[in-house]
Engineer: 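I have a structure I would like to understand better, so I am pasting it below and will then ask my questions one at a time.
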Amino acid sequence: MANPKKLQKLPRSFYSRDSLIVAPELLNKVLRCHDGRAGRIVEVEAYRSDDPAAHSYRGRTPRTEVMFGAPGHMYVYFTYGMHWCANAVCGPQGVGNAVLIRALQPIAGLDLMHAARPLAKNDRQLCNGPACLTQAMSITKLQNGVDLVSGDRYALVDDDVPPPERPVQTTRIGISKAMDYPWRWYVGESLYVSKK
DNA sequence: TGTGCGATTACG
DNA sequence: GTAATCGCACAC
C-alpha cells in the first residue's frame, strides 16, 4: 500500500452519513481481508430506500435486514442464481442506505485472489465487477452482516490516498428502475473499473 | 404454492 | 447476442 504506516479503519461515523455522500468518498479507500488480500475501491454505486432500484425500496424483508441495520456493516446479496455482491451499509440505522462496491484495483495478495478466481486471465480481470471482486476476495453469504469497523476479517481502511478530485459520475449499471439517477462514481484514470 | 426476475458474468 | 442458475418477493 502507499503508506503502510498510516492505515486506519474507517470509523463508524464515516458510514453514518447518506450513501450519496459516502459513495464518492469511498473511492480510493481500501477493502482489506485478514489474509492479506486488499484492493483499492475504484467504482461505487449509491442505493437508498427512497430509490426504486434499491433492494430496500419495498421495506424490510429477510434479505434486506442487514441493509436496514447499523452503518458500517457489509450487506451481501445473491443475484442471477450464481453471484454475490458486496455493499457498505450507510446512513442512520433503520433507513436502508448502502453503497455497492463495483470494482477494486488489486494491491495485495494477488496470488490468493487468482486462486479464488481462476477465470481471471490477468490482474485487471480479478476485481473489475461487483461479482468478480467478491470471488477474488472470497465474499459470500457468510460475510453478510460482518462489521467492517470492529470486525477483524474484512475492513475498509484509509491509507491516505484521497478520493479523486473529479470522479466520473454516471448513471448506474444493470438496473431497470431509476435508470436516470446519476449515482455511480468511478476513478476516471483507473484501468480497473467494470465499464467506462 | 407458484412464478418471474434480477445492483452479473463468461463465452460464442 | 445470450445461456447459466436459484433465492427472493409478491401474486394467486
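The basis for the numbers below is simple: all heavy atoms, side chains too, and nothing from hydrogens, waters or symmetry mates. In what follows, every chain begins at residue 1, and chains take the letters A, B, ... in the order their sequences are listed.
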Engineer: Expressed in angstrom and rounded to an integer, what is the separation of A:Phe78 atom CZ from B:dT8 atom P?
Structural biologist: 14 Å
Engineer: With a 3.5 Å distance limit and no angle check, can you tell me whether A:Asp35 reaches the backbone of A:Arg37 through a side-chain donor-acceptor pair?
Structural biologist: yes
Engineer: Rounded to whole angstrom units, what separation is found between the CE atom of A:Met82 and the P atom of B:dG6?
Structural biologist: 14 Å
Engineer: Mind calculating the distance between CD (A:Gln125) and P (B:dA10) to the nearest angstrom?
Structural biologist: 8 Å
Engineer: Just call it for A:Ser194: base, sugar-phosphate, or nothing, with non-hydrogen atoms closer than 4.0 Å on any strand.
Structural biologist: nothing
Engineer: Both A:Lys177 and A:Lys121 contact DNA chain B. Taking the nearest nucleotide for each, which residue is further toward the 5' end?
Structural biologist: A:Lys177
Engineer: State whether A:Arg184 places a side-chain N or O below 4.0 Å from either non-bridging phosphate oxygen (OP1 or OP2) of B:dA7.
Structural biologist: no
Engineer: Checking contacts here: which listed nucleotide (B:dT8, B:dA10, B:dA7) is nearest the side-chain heavy atoms of A:Ala131?
Structural biologist: B:dT8
Engineer: Taking A:Arg153 first and then A:Asp147, would you say they form a salt bridge - that is, a charged N and a carboxylate O separated by under 4.0 Å?
Structural biologist: no
Engineer: Quickly work out the A:Ile173 CD1 to B:dG6 C1' distance and round it to whole Å.
Structural biologist: 16 Å
Engineer: Among A:Leu10, A:Leu148, A:Leu7, find the residue that satisfies the side chain to side chain contact (heavy atoms under 4.5 Å, CB included) test when tested with A:Val157.
Structural biologist: A:Leu7
Engineer: In whole angstroms, how far is the P atom of B:dG6 from the NE2 atom of A:His55?
Structural biologist: 10 Å
Engineer: Assign A:Arg172 to base, sugar-phosphate, or nothing according to its heavy-atom contacts below 4.0 angstrom with the strands shown.
Structural biologist: nothing
Engineer: Can you see if the side chain of A:Arg58 gets near the phosphate of C:dC10 - specifically, an N or O under 4.0 Å from OP1 or OP2?
Structural biologist: yes
Engineer: Under 4.0 Å, counting only non-hydrogen atoms across every strand here, what does A:Met179 touch: a base, just sugar-phosphate, or nothing?
Structural biologist: nothing
Engineer: If the cut-off is 4.0 Å, is A:Ser176 near the phosphate of B:dG6, judged by side-chain N/O to OP1 or OP2?
Structural biologist: yes
Engineer: Below 3.5 Å, does any donor atom in the side chain of A:Tyr80 face an acceptor in the base of C:dA4, or the other way round?
Structural biologist: no
Engineer: From the set B:dT8, C:dA9, B:dT9, return the single nucleotide nearest to any side-chain atom of A:Arg117.
Structural biologist: B:dT9
Engineer: Could you tell me whether A:Ile175 contacts a base, only the sugar-phosphate backbone, or nothing, with contacts defined as non-hydrogen atoms closer than 4.0 Å?
Structural biologist: sugar-phosphate
Engineer: Main chain of A:Tyr47, side chain of A:Ser19: is a donor-acceptor contact present, judged purely on distance under 3.5 Å?
Structural biologist: yes
Engineer: Ring stacking, A:Tyr77 with base of B:dA7, under 5.5 Å and under 30°?
Structural biologist: no
Engineer: Could you state the NE2-C1' distance from A:His83 to B:dC11, rounded to the nearest angstrom?
Structural biologist: 12 Å
Engineer: My understanding is that a pair needs two contacts under 3.5 Å, Watson-Crick or G-U wobble. By that rule, which nucleotide pairs with B:dA7?
Structural biologist: none
Engineer: Remember a base hit wins even if backbone is also touched, and classify A:Arg60 as base, sugar-phosphate or nothing at under 4.0 Å, heavy atoms.
Structural biologist: nothing
Engineer: Give a yes/no on whether any side-chain N or O of A:Thr61 is located under 4.0 angstrom from OP1 or OP2 of C:dA9.
Structural biologist: yes
Engineer: Mind checking A:Ala53 for me? I need base, sugar-phosphate or nothing, with any heavy atom below 4.0 Å counting as a touch.
Structural biologist: base
Engineer: Write down the partner of C:dT5 under the Watson-Crick or G-U wobble criteria, each distance required to be under 3.5 Å.
Structural biologist: none
Engineer: Please determine if a side-chain N or O atom of A:Arg63 lies less than 4.0 Å away from the OP1 or OP2 oxygen of C:dA9.
Structural biologist: yes
Engineer: Starting at NZ of A:Lys195 and ending at C1' of B:dA10, how long is that distance when rounded to a whole Å?
Structural biologist: 12 Å
Engineer: Can you list the steps and then say if A:Leu104 with A:Arg40 is a side-chain contact (heavy atoms from CB on, under 4.5 Å)?
Structural biologist: CA-CA 5 Å; A:Leu104 304 174; A:Arg40 193 174 304 285; over 6 Å; no
Engineer: Could you tell me the separation between the OH atom of A:Tyr57 and the C1' atom of B:dC5, rounded to a whole number of Å?
Structural biologist: 18 Å
Engineer: Check whether any side-chain N or O of A:Lys196 sits under 3.5 Å from a backbone N or O of A:Leu191 as a donor-acceptor pair, and report yes or no.
Structural biologist: no
